[in-house]
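Scroll down for the structure; my scribbles are underneath it.
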Amino acid sequence: MAEINHPYQNQRALPPDEKRPAAPALLRQWWFRLIALLFVTEFIVPFILWQAGLPRTLDVFREAAAVLLFTVLVAYMLLRDKIPAAVLVILAISLIWGVVSIFDGQAPIVTFWGWWRLFKYPLLAVFAFLIPRWPDNFARWLVKFFVLLLAFQVGVQLLQFAAGQPPGDSLAGTFGWKGVAQYTMLVFLVVSIGFGHWLATGEWKLLAIVLVLGLVGTMLSVTKFYLLAAGVMGIVALVIHMVRGGRFRTLLIYVILAGLAAASFVPIYNNFIATTRGLKPLQEYLTAESINNYLFKGDDTTESGSLKLGRGYSVLCAWQQIQRDYTTFLFGYGIGGRTSSAALGIEGAGLEESLYGSVGSGLSSWILEYGLLGSLLFLGFNFWIMAKMWRHARRTDDRFQATLAYGLILFTLLWPMWLWYKKPWISGGMMMLYWLSLGYLFQQIYHARRPLLGRRPSAARSLDSGASRPSRSL
């Protein structure tokens, strides 16, 4: 098999305009300030509230920032008379699964809250798609931002640990109290970008940096799933590499990285984390009995009367629960069926009928809310995204856009695993960066097809000109 030719490995010197950092120009853009406001509410405010001793129910800032961005988006589309096809898809899904939830006797406020939780971050992709002009070097800036953000989060963890915070769910960077789920999903997204950079350029240094940062961060947050997730991403990246014509000798770098990670993770976890917290050694979690209990065994009943089920068993229960009738089997309980809010005092119809309450994986919640058709639609949408990203990664002459595209392919392909492991749809930091990256790349993909917001096609310039390119609309 022929060795792959990484088209960006010996790239020419960047033009002067490309060498200029994107950040100064971005700071002067109104739309960037809105995105920055949302970023602060997702990454900084939860930590401030936790350190101030305030309850998480007061964290309304992220919702306020998202509402502001949504309002600007709607006004922008109406004023410019430009409605992307993605908005029509969102409206269709909202109508079908919203009607299902209402007919099931669910309160409209619950349906609306479920809709907001489902589409709050995908609407950010629409917002990014409609931005008139992105700097030519924005992709390079964004890739570096991913790495620096993870390094910053790990630095905060180390400071927390030095200050006396024990390893565990609350040792999660700036995500605050019990922020391990949000932090872990951010780690997985950044690691996927690291693999994407290797696929785009053949360079392994950035990949090694993010793998080490992810290893340190997840050890401090006691996330044992990291090794498995990183290994799966590595295998998928290797498959992509081989499909493109890579040699089997490239396996060597994966074997070395995986060996070093495993060799360092196991003894450090056992001697540093397990001993200090009184947990079992890592190898005891890998027995057949422990794995079976983790996946399928129900724990003791909680105070509310709900059962705590393993991730695998919760999915089986969800599949059985939607088979109460034909409509529920196809469409689930509708939008918001598994939604709850302590602050609003609401609970979805599917949650009210469940014996295991809000416990379970995100995959079980998805099956209950959207049924068989909704699950197949979600899978089809993901394959469409991956096809677009694959085509763009193979065609673009920007290695950092290719990095983002390959990284998003990896992360999108593994959505079922992320849903099974956590409830990633409410992991705000990861979701914000994921959908922002998608919106940006789709804007780059479609920029040459139709003029954006009345711009004439003649205004377009080639990528090699070094000048800012006008964006285009779907």
Would you call V180 and F175 a side-chain contact if the rule is heavy atoms closer than 4.5 Å?
no
Spacing of CE belonging to M219 relative to CG belonging to L215, to within rounding of 0.5 Å
4.5 Å
Roughly how far, to the nearest 0.5 Å, is the CG atom of N382 from the CD1 atom of I409?
12.0 Å
Taken in chain and number order and not counting sequence neighbours, the residues that satisfy side-chain contact (heavy atoms from CB on, under 4.5 Å) with T328 are I322, R324, D325, Y333
Closest heavy-atom contact between S314 and S364?
O-CB, 3.4 Å
Just verifying a value: how many Å separate T403 OG1 and L207 CG, rounded to the nearest 0.5 Å?
11.0 Å
For A230, all residues meeting side-chain contact (heavy atoms from CB on, under 4.5 Å), sequence neighbours excluded
L211, Y226
Using side-chain heavy atoms (C-beta onward) and a distance below 4.5 Å, is W390 in contact with I240?
yes
In terms of heavy-atom contacts, L142 and S437 come closest through CD2-OG, 3.6 Å
Tell me if the centroids of the rings in W435 and F127 come within less than 6.0 Å of each other.
no
CH2 on W134 to CG on L441, rounded to 0.5 Å
10.0 Å
Stepwise side chain to side chain contact (heavy atoms under 4.5 Å, CB included) test for I93 and L377
CA-CA 10 Å; I93 294 173; L377 179 63; 4.0 Å; yes
Close side-chain approach of L408 to S192, heavy-atom, < 4.5 Å:
no
Is the backbone of A181 close enough, under 3.5 Å, to the side chain of T184 for a donor and an acceptor to pair up by distance?
no
Can you list the residues that meet the ring pair (Phe, Tyr, Trp, His ring centres under 6.0 Å) rule with F411, with sequence neighbours excluded?
W415, W418, Y434
So CG of L227 and OG1 of T218: to nearest 0.5 Å the spacing works out to 7.0 Å
Could you tell me if the ring centre of F195 sits under 6.0 Å from that of W198?
no
For the pair T396 (side chain) and D398 (backbone), establish whether a donor and an acceptor sit closer than 3.5 Å, ignoring hydrogens and angles.
yes
For a side chain to side chain contact (heavy atoms under 4.5 Å, CB included) check, start with the C-alpha distance between Y406 and R394, then their side-chain angles and the critical distance, and finish with the verdict.
CA-CA 10 Å; Y406 281 125; R394 302 289 285 174; 3.4 Å; yes
What closest approach, in Å, do I445 and K388 show between heavy atoms, and which atom pair accounts for it?
CD1-O, 3.9 Å
Using a distance-only test with no angle check, is there a side-chain donor-acceptor pair under 3.5 angstrom linking H392 and Q401?
yes
Could you check W31 against Y440 for ring-ring contact (aromatic ring centres under 6.0 Å, His included), going step by step and ending with a plain yes or no?
CA-CA 13 Å; W31 50 263; Y440 163 71; 9.8 Å; no
Taking L38's backbone N and O only, do any of them form a donor-acceptor pair with T41's side chain (distance below 3.5 Å, no angle check)?
yes
Are more than 12 heavy atoms from other residues, nucleotides or ligands located less than 6.0 Å from atom CZ of F329?
yes
Which residues satisfy the ring pair (Phe, Tyr, Trp, His ring centres under 6.0 Å) test with F39, sequence neighbours excluded?
F43, F145
Quick one: list whatever passes side-chain contact (heavy atoms from CB on, under 4.5 Å) with K178, sequence neighbours left out.
R56, D169, S170
Check M185 against P424 and note the closest heavy-atom contact, atom names and distance.
CE-CB, 3.9 Å
Determine whether W97 and T111 make a side-chain contact, defined as any pair of heavy atoms from C-beta on separated by less than 4.5 Å.
no
Evaluate the ring planes of F47 and W50, with Trp represented by its six-membered ring, and classify them as parallel (under 30°), tilted (30 to 60°) or perpendicular (over 60°).
perpendicular
With sequence neighbours excluded, residues passing side chain to side chain donor-acceptor pair (under 3.5 Å) with W116:
E63
Of Y370, W366, Y121, which is the lone residue that meets ring pair (Phe, Tyr, Trp, His ring centres under 6.0 Å) with W425?
W366
Is R62 close to M432 at the side-chain level, that is, under 4.5 Å between some pair of heavy atoms?
no
Going through the distances and angles, do L419 and F378 end up as a side chain to side chain contact (heavy atoms under 4.5 Å, CB included)?
CA-CA 12 Å; L419 284 169; F378 179 66; 3.7 Å; yes
With sequence neighbours left out, the residues meeting ring pair (Phe, Tyr, Trp, His ring centres under 6.0 Å) with W115 are F119
Using a 3.5 Å cut-off and no angle test, enumerate the donor-acceptor pairs between side-chain atoms of residues 147-162 and protein atoms at least two apart in sequence or in another chain.
{"unit_1": "Q153", "atom_1": "OE1", "unit_2": "T174", "atom_2": "N", "d": "2.8"}
{"unit_1": "Q153", "atom_1": "OE1", "unit_2": "T174", "atom_2": "OG1", "d": "3.3"}
{"unit_1": "Q153", "atom_1": "NE2", "unit_2": "T174", "atom_2": "OG1", "d": "2.9"}
{"unit_1": "Q157", "atom_1": "OE1", "unit_2": "Y183", "atom_2": "OH", "d": "2.4"}
{"unit_1": "Q157", "atom_1": "NE2", "unit_2": "L171", "atom_2": "O", "d": "2.9"}
{"unit_1": "Q157", "atom_1": "NE2", "unit_2": "G217", "atom_2": "O", "d": "3.0"}
{"unit_1": "Q160", "atom_1": "OE1", "unit_2": "G173", "atom_2": "N", "d": "3.3"}

How long is the straight-line distance from CZ of R140 back to CG of L404, given to the nearest 0.5 Å?
13.0 Å
Residues forming a side-chain contact (heavy atoms from CB on, under 4.5 Å) with V100, sequence neighbours excluded
F331
Determine, stepwise, if the pair S427 / K422 fulfils side chain to side chain contact (heavy atoms under 4.5 Å, CB included).
CA-CA 9 Å; S427 298; K422 291 290 184 183; 5.6 Å; no
Contact check, side chains of M242 and L238, non-hydrogen atoms, under 4.5 Å:
yes
Residue pairs involving residues 401-410 (criterion salt bridge (charged side-chain N to carboxylate O under 4.0 Å, His left out); sequence neighbours excluded)
none
Carboxylate-amine/guanidinium contact R117 E369, below 4.0 Å:
no
Can you name the closest pair of heavy atoms from M233 and V191 and give their distance?
CE-CG1, 3.6 Å
Closest non-hydrogen contact found for G336 with V110 is O-CG1, 3.6 Å
